[in-house]
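Okay, structure first, notes after.
The figures here come from the full heavy-atom set of this structure, side chains too, leaving out hydrogens, waters and symmetry mates. Below, chain A is the first sequence line, B the second, and so on; all start at residue 1.
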Number of protein chains: 2
Amino acid sequence: MKKGRVKLKDIAEKLNISTATVSRALRNRIEIGAEMREKVKAVAKEMHYQPNFMASHLRSQRNFAIGVVIPKVNHQYMASMINGILEEATDNNFQVIINVTEHSYEKEVKAIEMFSSGIVDGLLICVSNQTKYISHIEQLQQNNIPFVFFDKDIPKIDAPKVVVDDFTGAFVAVEHLIQQGFRNIAHLQDNLVNHGSQKRLKGYYSALKKYGIVKNENFVMQIPNISIGEGRIATENLLRTYPNIDAIFGITDELAVGAIQAAKNLGRKIPEDFGVVGFSNWQISSVVNPTLSTVSQPGNEMGKIATKLLIQRIEDPEKYYEKKPIKILKTQLLVRESSSRLKNCLNY
Amino acid sequence: MKKGRVKLKDIAEKLNISTATVSRALRNRIEIGAEMREKVKAVAKEMHYQPNFMASHLRSQRNFAIGVVIPKVNHQYMASMINGILEEATDNNFQVIINVTEHSYEKEVKAIEMFSSGIVDGLLICVSNQTKYISHIEQLQQNNIPFVFFDKDIPKIDAPKVVVDDFTGAFVAVEHLIQQGFRNIAHLQDNLVNHGSQKRLKGYYSALKKYGIVKNENFVMQIPNISIGEGRIATENLLRTYPNIDAIFGITDELAVGAIQAAKNLGRKIPEDFGVVGFSNWQISSVVNPTLSTVSQPGNEMGKIATKLLIQRIEDPEKYYEKKPIKILKTQLLVRESSSRLKNCLNY
DNA sequence: ATGAAAGCGCTAACAC
DNA sequence: GTGTTAGCGCTTTCAT
């Protein structure tokens, strides 16, 4: 990019050969003899040659790069997804470019538009929880840019997806609380825009129903801006209004940790007379006192699978054009102190 | 990139004008009349035109993009830095491409090489704690690619840097422990490759010296792979070997949280007979029991300043060629429960 | 095995 | 104001 950068032509002139030969030699094409290949490579190294990404990809129409659109990368679960993506991509010699939307719809649109400009071969998309419109995604389909949804799902869009089983994860969490003897279980939700959140809500209701517990809509609180503090405030309000509530299922560990703080502040004994379960297995969940039971999600695996799916589609668009697999990964309930009312039920 | 993507030529043919006119109209060049401009834009929108990033930047030699090389994005401090970077970059109409090295030297070299290929106008670099060689950085300088170090510093490289005052941060933390009456203060270190770590060690020694406490080399433990568990194990070993140790200064909050766990396991009362201070103000520090005193770093501000510095250099290389400013940001000691032996000293 | 030449999609210099 | 032309740096025919 910068002035004076060494280019193919410079190497070619130095060796009195053509740029085509240099290009071929550097890319180990078989037409070039071993001797010439080594000579070219030596000179390239000596001159500190760096191939121009823009030029080579403009010409070859291939980037060997995937773009990742993700709201935030701020906790263990997200980090493990990124890890999985990076591992799988690196194994396939793909570069990874990450773009963080910070849960802004506008930034998401911008990120996707930017990635649509030919800088990557395909996209891994985790939509923000503010994403209500989908035209930017449909645009990708019209432009034939391969993409795979991961972690978050937009049901009405027909595309490959890798998500966790939010319904069962929530169901098992709430069932566990019921089996531990809790009956009046409240649920701290996010803004419910996200499809996964809706499934967790259904899982919560379904578990109650299975055990003949009448659901109480007032026990479900929507918390648009998730944080520990918001979780604490919401729980304090809930418990003051409905003192009979004896457990909280939080849609994230942050809310659940807030619930633990609130319950302790109000003199509830955890887990003796108050149970809490979270979702995602953040680092805080194993550090908070009492340690937080939570539903862990296989982030690394999810990142790997989504990336593998995407690369398959990039490498062979025809073959995979029709197939739009939806992979639903299993969650695992980690029982820690915050819900272990009965003896010997801890599994983590 | 994909077949059938609409290009300037398609718009030009449709309107029976030249591609140059289309290009100018879309970029709001004043030579083009308002009428034509709107007409072109309408058609472009109608045809779902997306400019080809590669082609335009190959031609104009400008990308309006910066690359970020960072070891991990796995906790609040890193996230706040990324936030600051994104905010400042967006304000200046720059795209941000993030590449995570996972503290691998090889991945760092690869990332920087990839970014050197003309995809970005400049780089923001936070070196990994495994980075012992610097030829890949020197290469950037030779290629005239602007870059700014942030958070982590390689002293021998003459480049713009934005870092926190590790020395004073550590000094104040240890001084605080001393003022709280702790005398036998151990220090949990990382692998000491990083310059910031070395400064924190010096700050630790310096505080001891100021208060006439003879330093004991055995009280400093190197922990290459930082985690809560490693911090706990190291502290347990330390306390078994040197039971007179009455406080720990951890180079990160993870190690400090491990130290809290270890001290509790061994029956030490925190903060009555054992003090702990960490560094960075991770989310876990406010959640752990007792809450962890820590040295907070202005991540958002750091990201902003580093980005501003980089963009200045990109926009006007000549003007800033000679200047290599080193910005050292202040840290803040957050006194929480883990070190508050004296009454009323909590400030957070 | 190597070179000449075309061209990826776009923008800038120069015409008019 | 708009068109023509050249060319960014590279890869890929098509020659030889």
Side-chain angles (χ1 to χ4, degrees), chain A residues 1-41 43-44 47-65 114 116-119 121 143, chain B residues 1-41 43-44 47-65 114 116-121 143 145:
Chain A
M1 234 59 262
K2 308 296 148 254
K3 60 184 173 191
R5 274 275 295 284
V6 180
K7 40 193 162 180
L8 282 189
K9 203 178 160 199
D10 299 321
I11 302 176
E13 281 174 4
K14 186 149 189 171
L15 286 167
N16 264 321
I17 54 177
S18 73
T19 58
T21 306
V22 177
S23 172
R24 284 190 274 245
L26 290 176
R27 281 173 303 133
N28 297 318
R29 305 289 290 236
I30 39 165
E31 308 100 306
I32 306 294
E35 194 189 345
M36 175 64 90
R37 173 159 34 83
E38 295 314 317
K39 204 160 60 180
V40 170
K41 284 193 171 181
V43 173
M47 298 177 77
H48 297 298
Y49 171 72
Q50 287 281 4
N52 184 313
F53 199 90
M54 296 288 176
S56 73
H57 294 338
L58 171 61
R59 179 63 236 243
S60 65
Q61 303 292 64
R62 283 292 269 107
N63 299 328
F64 291 100
M114 180 266 200
S116 303
S117 310
I119 199 173
D121 298 311
N143 284 346
Chain B
M1 237 57 264
K2 305 297 145 250
K3 59 185 174 192
R5 274 275 296 284
V6 180
K7 40 193 163 182
L8 282 189
K9 202 178 160 197
D10 299 320
I11 302 176
E13 280 172 5
K14 186 148 189 171
L15 286 167
N16 265 321
I17 54 177
S18 73
T19 58
T21 306
V22 178
S23 171
R24 282 191 275 247
L26 291 176
R27 283 174 299 137
N28 298 317
R29 304 288 291 236
I30 39 164
E31 308 98 306
I32 305 294
E35 193 189 346
M36 175 63 91
R37 175 159 32 86
E38 295 315 317
K39 203 160 63 181
V40 171
K41 283 193 172 183
V43 173
M47 298 177 77
H48 298 298
Y49 171 72
Q50 286 281 4
N52 184 314
F53 196 91
M54 296 289 175
S56 74
H57 294 337
L58 172 61
R59 178 64 238 236
S60 65
Q61 303 292 61
R62 285 289 273 110
N63 299 328
F64 291 101
M114 180 266 198
S116 303
S117 309
I119 199 173
V120 292
D121 297 311
N143 285 345
I145 296 171

Kindly state each residue pair satisfying salt bridge (charged side-chain N to carboxylate O under 4.0 Å, His left out) with at least one member in residues 20-33 of chain A, sequence neighbours excluded. A:Arg29-A:Glu31
Quick check for you: among D:dG9, D:dT12, C:dT11, whose closest atom lies nearest to any side-chain atom of A:Arg29? D:dT12
Which whole-number value in Å describes the distance from B:His57 NE2 to C:dG9 C1'? 12 Å
Do A:Tyr49 and A:Leu26 come within less than 4.5 Å of each other through their side chains, counting heavy atoms only? yes
Starting at atom CE of B:Met54, determine the distance to atom C1' of C:dC8, rounded to an integer number of angstrom. 12 Å
If each end axis of the helix from C:dA1-D:dT16 to C:dC16-D:dG1 is fitted on five C1' pair positions, the angle between them, to 10 degrees, is 40°
Set of ring pair (Phe, Tyr, Trp, His ring centres under 6.0 Å) partners for B:Phe64, sequence neighbours left out: B:Phe94
Is the phosphate of C:dC10 approached by B:Thr19 (side-chain N or O, under 4.0 Å from OP1 or OP2)? no
Only counting residues at least two apart or in another chain, list the ones meeting side chain to side chain donor-acceptor pair (under 3.5 Å) with A:Lys14. A:Glu46
What nucleotide, of C:dC10, C:dA12, D:dG9, holds the atom closest to the side chain of B:Ala55? C:dC10
Is any side-chain nitrogen or oxygen of B:Ser23 closer than 4.0 Å to OP1 or OP2 of C:dT11? yes
Looking at B:Gln61, I'd like to know whether one of its side-chain N or O atoms comes within less than 4.0 Å of OP1 or OP2 on D:dG9. yes
Look at the side-chain N and O atoms of B:Thr21 and state whether any lies under 4.0 Å from the OP1 or OP2 oxygen of D:dG3. yes
Expressed as a whole number of angstroms, how long is the span from B:Leu58:CG to C:dT11:P? 11 Å
Here's a test of your reading of the structure: between A:Leu8 and B:Asn16, which maps to the more 5' nucleotide of DNA chain D? B:Asn16
Rounded interatomic separation in angstrom, taking CG from B:Asn63 and P from C:dT11: 13 Å
Side-chain contact check for B:Ser56: nearest option of C:dT11, C:dC8, D:dC8 is C:dT11
Sub-4.0 Å heavy-atom contacts from residues 31-39 of chain B onto DNA chain D, ordered by number: B:Glu31, B:Ile32, B:Gly33, B:Met36
Heavy atoms, side chains only, cut-off 4.5 Å: are B:Val40 and B:Ile17 in contact? yes
Closest non-hydrogen atom pair, A:Ser18 against A:Ala12: C-CB, 3.8 Å
With A:Lys41, which residues qualify under side chain to side chain donor-acceptor pair (under 3.5 Å), at least two apart? A:Asn28
Taking only residues two or more places apart in sequence, or in another chain, which ones meet A:Ser56 in a side chain to side chain donor-acceptor pair (under 3.5 Å)? none
Closest listed nucleotide, where the reference is the side chain of A:Arg27 and the choices are D:dC10, C:dC10, D:dT12: D:dT12
Could you tell me whether the side chain of A:Met47 reaches within less than 4.5 Å of the side chain of A:Ile11, counting heavy atoms only? yes
Identify, with sequence neighbours excluded, every residue that meets side chain to side chain donor-acceptor pair (under 3.5 Å) alongside B:Thr19. none
When we call it a touch if two heavy atoms are under 4.0 Å apart, what does A:Tyr49 touch: a base, just sugar-phosphate, or nothing? sugar-phosphate
Measuring only between side-chain heavy atoms, which start at C-beta, is B:Met114 closer than 4.5 Å to B:Ile119? yes
Please produce a list of atom pairs where a protein N or O lies less than 3.5 Å from an N or O of nucleotides 13-16 of chain C.
{"residue": "C:dA13", "atom": "N6", "partner": "B:Arg24", "partner atom": "NH1", "Å": "3.2"}

Whole-Å distance, B:Asn28 CG to D:dG1 C1', equals 15 Å
Under the side-chain contact (heavy atoms from CB on, under 4.5 Å) test, which residues partner B:Asn16, sequence neighbours left out? none
Rounded to the nearest angstrom, tell me the gap between atom NZ in A:Lys9 and atom P in D:dG7. 10 Å
